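Reading through the structure tokens given below for one structure.
Just so it is clear, the structure is predicted and the values come from calculations on it, not from any experiment. In each ligand, atom 1 is the first atom listed, and ligand 1 is the first ligand listed.
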Amino acid sequence: MPYKLLFVCLGNICRSPSAENIMNHLVEQAGLIDSASQTLGSSIICDSAGTSSYHIGSPPDRRMTQAAQLRGIKLRGEARQFQKSDFEEFDLILAMDKENYRNIVSLDPTGKYRDKVRLMCDFCTRHTLKEVPDPYYGGPEGFNQVIDLLLDACEGLLQYIIGDRIKELDTGE
Ligand code: 4NP
């Protein structure tokens with residue numbers, strides 16, 4: 001069974017599509033440098049969504065696309081809104097900031113899926129910021145910072161998933 005990741009921000013045009021495409025990029029890279037990870041490549045599926053309906057159907061923000069391009073990452077995707085069925089559909093739901101986190105868990109009042117919802121920055125190993133700052137109303141530096149933070153968090157997340165998968169194999173889950 002593939003491991004399914006959903007990255008969530010407010011608009012689904014800046015932070016979460018970047019996270020989705022960076023993660024796909026890292027998974028592909030892992031496949032290129034380590035043939036044992038080739039299987040991992042096809043067994044991690046990434047998607048992204050926004051808690052708001054503001055930009056449904058829009059492509060990633062042009063400024064975000066430029067910042068990603070500088071790091072050799074192409075942003076693909078079309079914004080959609082987070083929906084309750086995503087709780088069942090995905091193994092892990094990564095919120096970019098605490099407001100996104102609160103909005104996601106508010107759609108799960110019984111807390112059934114609480115363990116699936118995490119803050120993206122929990123997986124950072126080099127940066128100490130606890131949230132991925134919303135770059136939308138700021139200058140170009142904010143967009144570059146988002147890419148830096150997400151590269152760190154996605155690398156940590158990939159290591160976490162590899163560890164989780166090995167545990168599953170060991171315990172036969
Ligand atoms: P994102 O950025 O949540 O990272 O996609 C934003 C995009 C749009 C808006 C705010 C943040 N907005 O207010 O329209």
>> For Asp97, is there any backbone N or O sitting under 3.5 Å from a side-chain donor or acceptor partner on Asn100?
In response: yes
>> One thing to verify: whether Glu88 and Lys4 come together as a salt bridge, which I'm taking to mean a side-chain N less than 4.0 angstrom from a carboxylate O.
In response: no
> Does the cation-pi check pass for Arg62 over Phe143, that is, NZ or CZ under 6.0 Å from the six-membered ring centre and within 45° of its axis?
Replying inline: no
>> Testing the basics here: between Arg126 and Glu155, what is the closest heavy-atom pair and its distance to 0.1 Å?
In response: NH1-OE1, 3.1 Å
> Minimum heavy-atom separation for Gly50 to Asn12, with atom names?
Replying inline: N-CB, 3.3 Å
Ligand 1: protein N/O within less than 3.5 Å of ligand N/O:
{"from": "ligand 1", "atom 1": "3 (O)", "to": "Leu10", "atom 2": "N", "distance (Å)": "2.9"}
{"from": "ligand 1", "atom 1": "3 (O)", "to": "Gly11", "atom 2": "N", "distance (Å)": "2.8"}
{"from": "ligand 1", "atom 1": "3 (O)", "to": "Arg15", "atom 2": "NH2", "distance (Å)": "2.9"}
{"from": "ligand 1", "atom 1": "4 (O)", "to": "Arg15", "atom 2": "N", "distance (Å)": "2.9"}
{"from": "ligand 1", "atom 1": "4 (O)", "to": "Arg15", "atom 2": "NE", "distance (Å)": "2.7"}
{"from": "ligand 1", "atom 1": "5 (O)", "to": "Gly11", "atom 2": "N", "distance (Å)": "3.4"}
{"from": "ligand 1", "atom 1": "5 (O)", "to": "Asn12", "atom 2": "N", "distance (Å)": "3.2"}
{"from": "ligand 1", "atom 1": "5 (O)", "to": "Ile13", "atom 2": "N", "distance (Å)": "3.0"}
{"from": "ligand 1", "atom 1": "5 (O)", "to": "Cys14", "atom 2": "N", "distance (Å)": "2.9"}
{"from": "ligand 1", "atom 1": "13 (O)", "to": "Tyr137", "atom 2": "OH", "distance (Å)": "3.4"}
{"from": "ligand 1", "atom 1": "14 (O)", "to": "His55", "atom 2": "NE2", "distance (Å)": "2.8"}

>> Taking side chain to side chain donor-acceptor pair (under 3.5 Å) as the criterion, tell me which of Arg15, Glu20, Arg80, Glu78 meets it with Ser48.
In response: Glu20
